Amino acid sequence: MKIRILEPVFEVSQKKKRVCAYARESSDSRRQEDSLENQTDTYKRLITSNPEYEFAGVYATRESPVTVR
């Protein structure tokens, strides 16, 4: 008599990690006019290009420098 062992078949479901990013523009310099948009676009592209990640958004703030005298 030959015994054959059958292993259960199941799919391993990989749950994606929800990933978000934080972008900040901290200067009112003209050189940084597009900085916040560039950071946001870059983070979104990096996160969405990874199949293990689910894009949850970008939290962005624009800060203007305060001078204390």
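Note: hydrogens, waters and symmetry copies are ignored here, and every other heavy atom, side chains too, is used. Predicted model, so just to flag it, every value in this text is computed and none were measured. Quick note: residue numbers are just sequence positions, from 1.
Checked against side-chain contact (heavy atoms from CB on, under 4.5 Å), Thr61 has the following partners two or more places apart in sequence or in another chain: Tyr22, Arg24, Tyr59, Glu63. Under the ring pair (Phe, Tyr, Trp, His ring centres under 6.0 Å) criterion, Tyr53 pairs with no residue at all, not counting sequence neighbours.
Across all their heavy atoms, Lys16 and Pro51 have their closest contact at CE-O, 3.2 Å. Summarising the geometry of Ile47 relative to Ala21, their closest heavy-atom pair is CD1-CB, 4.2 Å, with the distance given to 0.1 Å.
Applying the side-chain contact (heavy atoms from CB on, under 4.5 Å) test between Lys44 and each of Asp41, Thr42, Thr48 identifies Thr48 as the sole match. A salt bridge (Lys or Arg N to Asp or Glu O under 4.0 Å) with Glu54 holds for exactly one of Arg18, Lys17, Lys15; it is Arg18.
No single ILVMFWY cluster, assembled from side-chain heavy atoms under 4.5 Å apart, contains both Val58 and Leu36.
Taking CZ of Phe55 as the reference point, atom CG of Leu46 lies at 10.5 Å (rounded to 0.5 Å). Here the CZ atom belonging to Arg45 is positioned 13.0 Å from the CG atom belonging to Asn50, to the nearest 0.5 angstrom.
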